[in-house]
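Worksheet: one structure, shown below.
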Amino acid sequence: MSRLIRILVLLVATLLCTATLATAAPLPPPVPWMHAFGEAFDQGKRIAQTFRPSKMAELDAQRTKLRELLQTVPANPPEEVVIALTRGRALVNQMDAIAGGSALGDDAAEVAGAAFSPPADLDGGTRRLLLADMKKAAAGAIEDVACGEVWSLLTNEQKARLNEPVDSHNHLSSVIDAINTQNRSILAKNWNVEYLNRVIGWGTFVKGVSDKAVELVRFMEGGHVTPVDTRAFYYYFHFCMKPPG
């Protein structure tokens with residue numbers, strides 16, 4: 001009888017141990033989710049690495065697909081899924097930075113249009129040419145200021161990844177300095193300065209450039225996935241690539 005009891009005790013202990021090990025074992029990754037993520041990630045990475053402005057709609061669609069997948073992860077995901085999540089969020093960061101930088105043309109056109117006050121009898125050809133130059137100047141100034149500000153957001157590790165020197169230098173262009181530079185290289189080069197002063201509201205132009213640069217930089221401050229994978233890092237990589245100044 002006692003032998004039978006010992007056998008039963010050992011059997012129960014074995015069953016309990018097996019159940020504990022089964023509970024502790026990591027769950028296998030969800031196959032359908034991993035398959036869908038793998039396809040979306042590979043396509044998104046290809047778009048990001050070969051991006052051209054004409055591919056903006058394609059980038060937006062793939063970014064949306066990735067975001068949806070990242071929001072449908074099962075609870076308590078296994079390690080393989082956690083790694084995939086980090087990679088996916090970093091890629092979405094990169095796509096966010098590309099989208100933000102690609103809006104520069106629209107932002108510059110808005111600044112130029114708001115600051116332009118031509119006489120009523122100005123012919124259409126001159127109007128288009130001057131607006132185009134104003135847009136170029138606004139885009140250059142916004143980018144100069146934004147790149148300087150974004151550079152200051154990067155860590156030394158990120159600067160090293162970009163193969164840029166990490167020592168301190170005068171990286172920041174003020175809005176006025178940036179606009180003066182663009183004015184000399186584009187507007188004053190092609191147009192009479194007195195005429196420019198009559199048709200451009202410089203106060204509106206300066207405020208517009210400043211507001212757009214601040215808006216862009218604030219967006220790049222967010223989106224931290226890891227200390228290296230930030231929107232600021234990807235924006236600088238795609239649109240700046242050397243310390244301003």
Worksheet entry | F205: ring pair (Phe, Tyr, Trp, His ring centres under 6.0 Å) partners, not counting sequence neighbours |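 For F205, the residues satisfying ring pair (Phe, Tyr, Trp, His ring centres under 6.0 Å) (neighbours in sequence not counted) are W202.
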Response to the item:
Taken in chain and number order and not counting sequence neighbours, the residues that satisfy ring pair (Phe, Tyr, Trp, His ring centres under 6.0 Å) with F219 are none
Practice prompt. Report the C-alpha separation of L129 and T126 in whole Å, then their side-chain angles, then the decisive distance to 0.1 Å, and conclude whether the side chain to side chain contact (heavy atoms under 4.5 Å, CB included) test is met.
Written response: CA-CA 5 Å; L129 289 173; T126 302; 5.8 Å; no
Worksheet item: Going only through I, L, V, M, F, W and Y residues with side-chain contacts under 4.5 Å, is there a path from V150 to V228?
Response: no
Worksheet, complete the sentence: Exactly one of D177, D133, D144 clears side-chain hydrogen bond (donor to acceptor under 3.5 Å, both in side chains) with Q182, and that residue is D144
Worksheet item: Side chains of V193 and N197: closer than 4.5 Å at any heavy-atom pair?
Response: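 The answer is yes, as the side chains (C-beta and beyond) meet within the 4.5 Å cut-off.
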Worksheet item: Looking at side-chain heavy atoms only, is the closest gap between L216 and L104 below 4.5 Å?
Response: no
Fill in: Nearest non-hydrogen partners of P118 and R127, listed with the distance
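What the structure gives for the nearest pair is CG-NH1, 3.3 Å.
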Worksheet item: What pair of heavy atoms forms the shortest contact from L130 to F116, and how long is it?
Response: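 Between these two residues, the closest heavy atoms are CD2-CE1, 3.5 Å.
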Fill in: Residues D229, L91; criterion side chain to side chain contact (heavy atoms under 4.5 Å, CB included); working and verdict
CA-CA 9 Å; D229 293 307; L91 180 56; over 6 Å; no
Practice prompt. If a pair satisfies side chain to side chain donor-acceptor pair (under 3.5 Å) and one of its residues is in residues 100-112, list it, with sequence neighbours excluded.
Written response: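 As it turns out, the side chain to side chain donor-acceptor pair (under 3.5 Å) pairs with a partner in residues 100-112, which skip direct neighbours, are E110-K212.
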Worksheet item: For F237, does the CZ atom sit with more than 12 other heavy atoms under 6.0 Å from it, leaving out its own atoms?
Response: no
Fill in: Residues R46, D42; criterion salt bridge (charged side-chain N to carboxylate O under 4.0 Å, His left out); working and verdict
CA-CA 6 Å; R46 174 183 55 78; D42 288 344; over 6 Å; no
Worksheet item: Do we see a donor-acceptor contact under 3.5 Å between the side chains of Y235 and D96?
Response: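 Result is no, nothing qualifies.
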Worksheet item: T64 side chain to D60 main-chain N or O, any donor-acceptor pair under 3.5 Å?
Response: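 Present.
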